[in-house]
Amino acid sequence: MQASHTFGPVRIYLGHQSGKYPDGNQIVVQGADTRIAFDTPLVSRQIGEDLEGADLLLLSHMHEDHAVGLGRLAHVPVQAHEADLQAVRSWEGFKRHYGYPDEILDALHGMIVREFDYQPRPDATGYTDGQVWELGGGVRVRAHHLPGHSAGHCALVEESTGVAFIGDIDLTGFGPYYGDAGSSLEQFERSLEQLRTLEARTWVTSHHRGVLTERAAFLQALDRFAAKIGERDARLLARLRERPHTLDELVAHGLLYPVGTPLPWVAMAERRTIEQHLERLQARGAVQQDGAGSYRAT
Ligand SMILES: [Zn+2]
């Protein structure tokens, strides 16, 4: 497979529809001595030697759609940010990363083995914020810890070209995802602010939006993406203004996904997301919880 874009030592392989979920986008960085791959989405199955011959695999974060090659590339060392490391090393660790009940995790396990070739990598090692990998010939990758989507989510930047792989701060119309146990809305918002000032000339997302080469277009996309958080606050608040709702009722209405979306984790992701929004709205005094556990707009 040919790279879709090349920026000096950086080769970008776009997945189906610019990496629309469940696919994603793959980056390979070639230095004078070392070749590093970022993530391994579904498209990674088709790349061939450029990926199979990599010296190191860096994960932007741990989710099954970014880890498709972990089993097939067992000969390539893999690193993830230390906060996501246990999720890479074992299914037990991955379960804690999601934090869903066992019956959902059992269904999820079957699905991610079938569809994403899921395999743990007990040999994976951790990296930290600011870590640098010198690939030779002035080619250099640096990790920027931007948590929220997951606790260990990072942007990976090749500094000689200014190509920033920004992972699942994916700038899609869906908006930010912070629905797992290890996710945090508060951290995601801070990461969005930090990303604004990250030095880069090209931004590559994991999903759907693909490659952005204009700073103004990137910032516009980032603004629209970040605005989804406020829109979710407003939608919840509007619902609570109609009448008080319990958390279960709010989850049944859904905030992220259309009602009836057939993915095993949807209800849990909705719950975790709505809980975090309710916390914010309560802290602002916009929402109160009554004695029976219902939430009402003040
Ligand atoms: Zn993800």
Side-chain angles (χ1 to χ4, degrees), residues 14-27 37-44 57-70 78-89 91 93-100 104-105 108-109 111-112 115-121 124 127 143-156 164-185 187-189 191-192 195 203-210 222 225-226 228-229 256-257 261 263-266 268-270 272-273 276:
L14 293 179
H16 183 59
Q17 293 186 293
S18 297
K20 188 173 181 191
Y21 183 88
D23 209 342
N25 302 316
Q26 171 82 58
I27 290 189
F38 300 168
D39 286 358
T40 51
L42 288 175
V43 70
S44 71
L57 185 55
L58 294 181
L59 295 180
S60 65
H61 69 290
M62 182 53 182
H63 272 142
E64 63 285 352
D65 54 317
H66 300 255
V68 174
L70 293 192
V78 58
Q79 290 196 281
H81 184 276
E82 55 187 10
D84 277 13
L85 181 58
Q86 297 313 319
V88 181
R89 282 186 169 166
W91 171 237
F94 205 8
K95 279 162 76 167
R96 286 193 296 275
H97 191 67
Y98 282 116
Y100 308 152
I104 292 175
L105 288 166
L108 186 65
H109 185 265
M111 185 201 123
I112 66 179
E115 293 175 25
F116 297 97
D117 306 338
Y118 167 68
Q119 277 191 48
R121 282 287 298 265
Y127 66 75
H144 297 259
H145 189 208
L146 297 173
H149 176 70
S150 73
H153 183 278
C154 287
L156 297 167
F165 180 57
I166 58 176
D168 274 1
I169 304 181
D170 57 18
L171 312 180
T172 57
F174 180 86
Y177 177 92
Y178 36 86
D180 298 345
S183 307
S184 161
L185 168 52
Q187 287 183 343
F188 211 130
E189 283 197 305
S191 292
L192 288 169
L195 182 55
W203 297 264
V204 185
T205 71
S206 284
H207 300 294
H208 206 34
R209 197 159 274 273
L222 188 62
F225 184 71
K228 290 280 170 190
I229 295 173
L256 302 176
Y257 299 93
T261 300
L263 294 167
W265 65 85
V266 162
M268 286 310 297
E270 292 278 13
R272 169 98 179 108
T273 301
Q276 293 181 86

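In this chain, residues are counted from 1 in sequence order. Counting starts at 1 for both ligands and their atoms, following the listed order.
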Inset, instruction - Please find out if less than 6.0 Å separates the ring center of Phe174 from that of Phe225. - result: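 Ring centroids of Phe174 and Phe225 are no less than 6.0 Å from each other.
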Legend entry - Any donor-acceptor N or O pair under 3.5 Å, side chains His66, Asp168: yes
Inset, instruction - Indicate whether the side chain of Asn25 and that of Ser206 have a donor and an acceptor atom separated by less than 3.5 Å. - result: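 No - no donor-acceptor pair under 3.5 Å links their side chains.
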Legend entry - His149 NE2 and His61 NE2 subtending at the Zn ion (ligand 1) (10° steps):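 Nearest ten degrees: 100°.
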Inset, instruction - Please find out if the Zn ion (ligand 1) and some N, O or S atom of Asp65 are separated by less than 2.8 Å. - result: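 So Asp65 does not bind the Zn ion (ligand 1) by this criterion.
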Legend entry - Minimal non-hydrogen separation, Tyr127 against Leu59, with atom names: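 Closest approach of Tyr127 to Leu59, heavy atoms only: OH-O, 2.7 Å.
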Legend entry - the Zn ion (ligand 1) - name of the N/O/S atom of His63 that sits closest to it: ND1
Legend entry - the Zn ion (ligand 1) to Asp168: nearest N/O/S atom name: OD2
